[in-house]
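In what follows, residues are counted from 1 in the order of the sequence shown. Heavy atoms only: backbone and side chains are in, while hydrogens, waters and symmetry mates are out. Atoms within a ligand are numbered from 1 in the order they appear, just like the ligands themselves.
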Amino acid sequence: MIRTTTEQINRQYEFAAKIKKLYSHHTSAPLAMVDTYGCQQNEADSQRIRGWLTEMGFEQTDDEALADVIVINTCAVRENAENRVFGNVGALVHTKRRKGGEQTICITGCMVQQSHIAERIKKSFRHVDLVFGTHAQWRFPELLYNVLSEKKRVIDIEDCDGYIAEGQPVLREKGVKGWLSIMYGCNNFCTYCIVPYVRGRERSRLPEDVIAEAKELIAAGVKDITLLGQNVNSYGKDLGLDMDFADLVAMINDLEGDFVLRFMTSHPKDASKKLFDTMARCDKVAKVFHLPFQSGNDRVLKAMNRRYTSAGYLELVDYARSVMPDIVLTSDVIVGFPGETDEEFEDTLKLVERVGFDALFTFIYSARVGTPAAKMEQGTTKEEIQKRFDRLVQLQNDISAKRHESYVGKTYRVLADGHSDDIRFPLTGRTDGNRLVRFVGDDSVIGNFVNVKITGHNTWSLTGEIV
Ligand code: SAH
Ligand code: SF4
Ligand code: F3S
């Protein structure tokens with residue numbers, strides 16, 4: 001079973017109602033804190049968890065000292081993400097003690113979907129009451145009810161291919177930006193990556209469910225919609241319908257409303273010319289593409305099981321630019337994959353130089369338990385890898401600064417989204433290409449699109465004034 005039934009979800013609403021009763025003797029609403037450590041998918045999951053908590057009668061707080069229930073939503077993609085979680089969960093011992101034990105601590109997400117981590121939490125973090133993996137998230141009300149009513153610890157990290165659980169409540173953040181999950185899981189098994197092990201197999205939501213949520217977002221005033229999936233280009237392959245990701249993008253583009261549409265992430269092996277053509281033609285689709293290349297060297301790409309070559313990657317980039325000359329390109333890179341030599345790393349630098357990305361997300365390789373790469377010989381010292389990393393960052397900073405310089409004097413449509421901490425440029429916003437702009441203007445424009453003339457720049461952002 002991939003899709004949960006309406007009955008199954010309704011049962012969860014019943015558990016949520018029971019939890020609400022458990023707290024009904026409180027004089028004020030109980031408080032919950034949800035802390036998110038992962039990517040946008042995890043953010044979207046946290047919004048569903050907050051949705052359930054709202055059903056249970058909780059109000060949200062950012063203060064862990066006040067929270068009756070704490071949910072830590074974790075990420076497993078690199079070791080430092082996990083270490084942060086261990087540190088912060090460890091510190092909650094004191095928080096809970098100060099509340100006389102009257103605090104329920106829950107951990108969920110990708111990290112605890114791994115059995116060795118769940119085991120470690122069970123043994124060494126006795127103050128944690130509930131551990132539930134990504135696949136158990138739609139059963140959060142039932143699990144929490146069992147913890148609260150029976151006063152016992154619950155660990156549920158069911159190992160399976162994953163579910164699609166429609167009909168869950170969502171509590172979105174106020175503001176102009178909205179996440180929209182279109183699919184879950186990943187089938188690619190890049191050899192360094194833990195995601196396929198903790199998120200299950202690729203599964204697509206039905207187009208009608210995606211469209212319905214898109215309409216909901218637009219009606220709620222969201223003006224910047226990001227479609228989410230680990231590999232959005234394989235959307236629909238499991239549905240047996242006569243449509244693909246490009247078709248879905250076109251369908252959402254045709255919805256009424258003033259919004260900008262983006263998506264992430266795309267895998268180069270599945271990015272199609274049809275998708276670029278669709279982007280070029282669809283007026284609401286931001287001309288921006290996040291296309292992780294990971295390495296510029298073909299041997300390393302093969303060892304990573306990425307299933308494209310650097311030449312194939314460049315061909316995609318060239319095609320995208322041929323149909324969208326001003327497209328903003330961003331990417332992810334891993335430095336220090338096991339066995340990467342200095343010469344092989346040079347190929348990464350060459351690719352970065354050749355493409356001239358607007359921005360790059362650079363990561364030092366981190367071995368993940370259970371992945372094939374974790375068994376490969378490293379062969380390079382930490383210091384050498386750090387040197388490579390610094391060179392890459394320096395190169396990209398120079399490129400980003402140059403690209404930002406080319407914005408100066410031009411006018412861009414910017415979605416004003418909040419305040420900056422710079423009194424000279426008090427507002428912040430994003431161009432369609434997702435570049436950060438700080439600009440002069442008054443609060444009344446927040447939440448709207450405005451035209452901003454760019455007057456200055458640095459490596460990371462632009463400054464300007466409304467025209
Ligand atoms: N599904 C997306 C990326 C998900 S993870 C894709 O395939 O593009 C986000 C990024 O984290 C990856 O693109 C990769 O650059 C990085 N990453 C993943 N596993 C890693 C690891 N073990 N060590 C270092 N970086 C990693
Ligand atoms: Fe990880 Fe590769 Fe899947 Fe991205 S495509 S989530 S990097 S396995
Ligand atoms: Fe996202 Fe981290 Fe999981 S990157 S999918 S939260 S491992």
Side-chain angles (χ1 to χ4, degrees), residues 35-47 49 72-85 107-114 117 133-135 137 162 179 181-203 226-235 263-271 289-296 300-301 303-308 313 316 329-338 340 348 352 357 359-376 378 385 388-389 392:
D35 208 358
T36 312
Y37 287 77
C39 61
Q40 293 88 344
Q41 326 259 349
N42 256 43
E43 290 283 348
D45 291 341
S46 287
Q47 295 185 350
I49 291 167
I72 309 279
N73 192 7
T74 61
C75 171
V77 83
R78 282 170 293 274
E79 196 184 354
N80 54 7
E82 295 194 337
N83 288 341
R84 262 191 328 131
V85 168
I107 311 189
T108 186
C110 295
M111 181 175 162
V112 299
Q113 185 66 46
Q114 307 169 93
I117 301 276
T134 51
H135 301 315
Q137 276 171 357
W179 309 121
S181 306
I182 62 164
M183 59 189 300
Y184 308 100
C186 181
N187 290 352
N188 287 324
F189 291 95
C190 303
T191 54
Y192 49 81
C193 184
I194 196 69
V195 171
Y197 303 89
V198 294
R199 286 267 168 189
R201 297 292 63 75
E202 265 172 26
R203 50 207 188 275
T226 306
L227 308 181
L228 295 179
Q230 291 302 345
N231 179 18
V232 290
N233 300 111
S234 44
Y235 173 82
F263 49 83
M264 69 187 306
T265 302
S266 295
H267 193 301
K269 83 174 163 56
D270 299 311
F289 210 84
H290 181 64
L291 191 63
F293 73 92
Q294 314 299 0
S295 165
V300 175
L301 285 171
M304 288 176 163
N305 189 32
R306 289 291 286 181
R307 286 173 279 174
Y308 54 83
Y313 184 87
L316 279 177
L329 291 169
T330 61
S331 197
D332 293 349
V333 196
I334 296 176
V335 178
F337 184 80
E340 180 190 71
T348 291
V352 168
F357 294 101
L360 211 51
F361 300 86
T362 46
F363 305 107
I364 288 181
Y365 168 76
S366 165
R368 307 285 65 213
V369 174
T371 61
K375 295 187 198 79
M376 298 177 190
Q378 174 45 266
I385 293 173
R388 287 180 197 166
F389 183 81
L392 177 64

Considering only heavy atoms of [X], which atoms of ligand 1 have at least one such atom less than 4.0 Å away?
{"X": "R368", "value": "22 (N)"}
{"X": "V77", "value": "5 (S), 18 (C), 19 (N), 20 (C), 21 (C), 22 (N)"}
{"X": "P292", "value": "8 (O)"}
{"X": "R78", "value": "11 (O), 16 (C), 17 (N), 23 (N), 24 (C), 25 (N), 26 (C)"}
{"X": "Y365", "value": "23 (N), 24 (C)"}

Just to confirm my output: which protein heavy-atom neighbour is closest to [atom], and how far is it?
{"atom": "atom 7 (S) of ligand 2", "result": "Y192 OH, 3.4 Å"}
{"atom": "atom 24 (C) of ligand 1", "result": "I364 O, 3.4 Å"}
{"atom": "atom 19 (N) of ligand 1", "result": "Y192 CD1, 3.3 Å"}
{"atom": "atom 5 (S) of ligand 3", "result": "Q230 NE2, 3.2 Å"}
{"atom": "atom 9 (C) of ligand 1", "result": "D332 OD2, 3.7 Å"}

Looking at [X] and [Y], would you say the former's side chain and the latter's main chain have a donor-acceptor pair under 3.5 Å?
{"X": "Y308", "Y": "F293", "answer": "yes"}
{"X": "R78", "Y": "A367", "answer": "no"}
{"X": "Y313", "Y": "L291", "answer": "yes"}
{"X": "S331", "Y": "L360", "answer": "no"}
{"X": "T191", "Y": "P372", "answer": "no"}

Just to be sure I read this right, does ligand 1 sit under 4.0 Å from the backbone of [X], its side chain, both, or neither, counting only heavy atoms?
{"X": "F363", "value": "side chain"}
{"X": "T371", "value": "neither"}
{"X": "R306", "value": "side chain"}

Residue selection (non-hydrogen contact nearest atom 7 (S) of ligand 3) among A76, C186, C193: A76
Nearest-option assignment for atom 4 (S) of ligand 3, heavy atoms, candidates C39, G38, P196, G185: C39
What part of C110 sits under 4.0 Å from ligand 3 if we count only heavy atoms: the side chain, the backbone, both or neither? side chain
Looking only at heavy atoms, is any part of M111 under 4.0 Å from ligand 3, and if so is it the side chain, the backbone, or both, or is it neither? neither
Keeping to distances under 2.8 Å, can you name the protein N/O/S atoms close to atom 2 (Fe) of ligand 2? C190 SG
Is Q294 near ligand 1, meaning one of its heavy atoms is under 4.0 Å from it? yes
Tell me whether ligand 1 is touched by I334 - counting only heavy atoms on the residue side and a distance under 4.0 Å. yes
Testing the 3.5 Å rule here: is there a donor-acceptor pair between the side chains of D45 and N73? no
Report yes or no: do Q113 and T134 form a side-chain donor-acceptor pair below 3.5 Å? yes
Can you tell me if V198 has a non-hydrogen atom under 4.0 Å from ligand 3? no
Sub-4.0 Å heavy-atom contact, R199 with ligand 3: yes
Given the side-chain rings of F363 and F389, with only the six-membered ring counted for Trp, is the space between their centroids under 6.0 Å? no
Do H267 and R306 make a side-chain contact, defined as non-hydrogen atoms from C-beta onward lying under 4.5 Å apart? yes
Could you tell me, atom by atom, which parts of ligand 3 come under 4.0 Å of a heavy atom of C75? 2 (Fe), 4 (S), 6 (S), 7 (S)
